[in-house]
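A short worksheet on the structure shown next.
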Amino acid sequence: MQQRKKVLLLGGIEHAHEQWNTVSEIAEVVLPKSTNREEFIEECKSGALDGVIATYRTFDSVSITGRFDEELVNALPESLKFICHTGAGYDQVDIAPCTARGIRVSNVPTAVNDATADVNMFLIIGALRNFNVGMVALRKGEWRGKNTKLGHDPQGKVLGILGMGGIGRNLKNKAEAFNMKVQYHNRRRLPPNEEDGAKYVSFDELLATSDVISLNLPLNERTRHIISTKEFEKMKDGVIVVNTARGAVMDEDALVKALDSGKVASCGLDVYEQEPTYIHPGLVSNPHVMLIPHLGTYTVETQTKMEVWNIDNLIQAIQTGTLKSPVPEQANM
């Protein structure tokens with residue numbers, strides 16, 4: 001009888017239990033004993049995880065392993081050939097050392113689009129209408145607050161989407177339902193069918209001409225702090241900024257200064273540079289900042305879709321040695 005292949009479960013299955021049962025039927029599921037990065041590296045080096053060919057990992061499992069950087073990747077069992085990540089963004093996994101070791105990485109690129117774009121639109125409307133000021137005041141027993149400024153309607157405003165991938169295109173459709181005008185910037189212009197009427201502009205033009213700027217690009221070395229002091233200086237006075245991507249694509253210190261000066265009138269954030277342990281005090285204390293704790297995909301339906309998609313990646317890796325959705329950097333690997 002042929003021995004079943006081994007897979008490593010990093011994190012938990014919260015919703016897609018029926019689909020996970022399929023994995024248990026075709027593979028031996030191994031659970032780590034480690035509770036932190038140091039222990040996990042030692043567990044890998046000890047040989048306890050030898051024979052594992054693939055790992056299913058969740059976003060929260062970073063508390064066990066830390067980031068999948070070169071140090072960690074080089075400590076993984078030689079047998080491990082697939083990392084299946086339950087998320088669209090995969091900045092927790094350094095792709096270059098994985099590629100160097102012949103480890104293929106997958107993500108769940110479209111399962112998150114609707115839910116994240118919904119939150120994105122919520123933050124845009126809330127920031128434009130200055131809702132947070134009134135909500136904070138009401139909880140203090142003040143009706144609307146003192147000297148609360150009027151908000152702005154979304155109709156006719158120019159929304160600049162920085163990074164128009166799947167989430168950005170979904171956001172475009174939602175924003176157009178509010179009669180916003182959409183322009184975007186990517187490193188490469190989209191084909192006409194994907195642009196779907198959106199205006200392609202340069203990075204500087206997007207900064208200078210948008211009433212609302214939405215950050216929807218992945219975090220990597222090129223995009224870290226892509227929005228900082230000099231970028232804020234190029235924006236319209238009173239601009240609205242929204243970020244549902246990753247906290248570190250924007251320099252939070254620079255954002256706080258731009259808010260304090262009035263350059264940025266209001267902003268909406270779902271992600272933070274040092275989440276979940278530290279949120280910049282200058283953001284927390286400013287009533288013109290709408291803050292939510294990374295709830296972009298935090299729905300039963302979307303979490304289930306993400307788990308099912310990632311389980312499909314894992315099953316395909318076990319059965320065929322391929323992935324349903326390899327990350328773009330490894331498309332030709």
Quiz item: Would you say Asn332 has more than 12 foreign heavy atoms packed within less than 6.0 Å of its CG?
Solution: no

Quiz item: Can Asp50 and Ser79 be said to form a side-chain hydrogen bond (donor to acceptor under 3.5 Å, both in side chains), step by step?
Solution: CA-CA 7 Å; Asp50 285 0; Ser79 57; 5.7 Å; no

Quiz item: Looking at side-chain heavy atoms only, is the closest gap between Tyr56 and Leu8 below 4.5 Å?
Solution: no

Quiz item: Are Thr99 and Gln330 close enough that a side-chain donor and a side-chain acceptor fall under 3.5 Å?
Solution: yes

Self-check item: Residue Lys149 excluded, over 12 heavy atoms near NZ under 6.0 Å
Solution: no

Exercise. Using side chain to side chain contact (heavy atoms under 4.5 Å, CB included) as the criterion, point out the one residue from His152, Met235, Lys157 that pairs with Asp211.
Key: Lys157

Exercise. Salt-bridge test for Lys172 and Glu176: reply yes if a basic N is under 4.0 Å from a carboxylate O, no otherwise.
Key: yes

Quiz prompt | Non-hydrogen side-chain atoms of Tyr200 and His185 separated by less than 4.5 Å | solution = yes

Quiz item: Mind checking who shares a hydrophobic cluster with Val133, ILVMFWY linked at side-chain heavy-atom distances under 4.5 Å?
Solution: none

Quiz item: Among side-chain atoms of Thr244 and Asp270, is any donor-acceptor pair under 3.5 angstrom?
Solution: no

Quiz item: Hey, are Glu329 and Tyr90 close enough side-chain-wise for a donor-acceptor pair under 3.5 Å?
Solution: yes

Exercise. Find out whether Arg57 and Gln92 are in side-chain contact, i.e. whether some heavy atom of one side chain is under 4.5 Å from a heavy atom of the other.
Key: yes

Quiz item: Do Glu194 and Arg169 sit within salt-bridge range, that is, some charged N less than 4.0 Å from a carboxylate O?
Solution: yes

Quiz item: So, Glu195 and Arg189, do they make that salt bridge, N to O below 4.0 Å?
Solution: yes

Quiz prompt | More than 12 heavy atoms from other groups under 6.0 Å of CZ on Arg222 | solution = yes

Quiz item: Between Asp251 and Lys230, is there a side-chain N and carboxylate O pair less than 4.0 Å apart?
Solution: no

Quiz item: Between His280 and Asp253, is a side-chain hydrogen bond (donor to acceptor under 3.5 Å, both in side chains) present by the stated rule, with each step listed?
Solution: CA-CA 8 Å; His280 197 299; Asp253 285 331; 2.7 Å; yes

Quiz item: Do Val249 and His225 have side-chain heavy atoms sitting under 4.5 Å apart?
Solution: no

Quiz item: Is the shortest side-chain N to carboxylate O distance from Arg37 to Glu71 below 4.0 Å?
Solution: yes

Self-check item: 4.5 Å side-chain heavy-atom contact, Asn313 and Ser325
Solution: yes

Practice problem: Would you check if Phe68 and Leu76 make a side-chain contact, meaning some heavy-atom pair closer than 4.5 Å? | Solution: yes

Quiz item: Without hydrogens or angle criteria, can the side chains of Asn130 and Thr148 be said to hold a donor-acceptor pair below 3.5 Å?
Solution: no

Quiz item: Taking the six-membered ring for Trp, is the centroid-to-centroid distance between Phe59 and His294 below 6.0 Å?
Solution: yes

Exercise. Any chance you could measure His288, atom NE2, to Ile240, atom CD1, to the nearest 0.5 Å?
Key: 10.0 Å

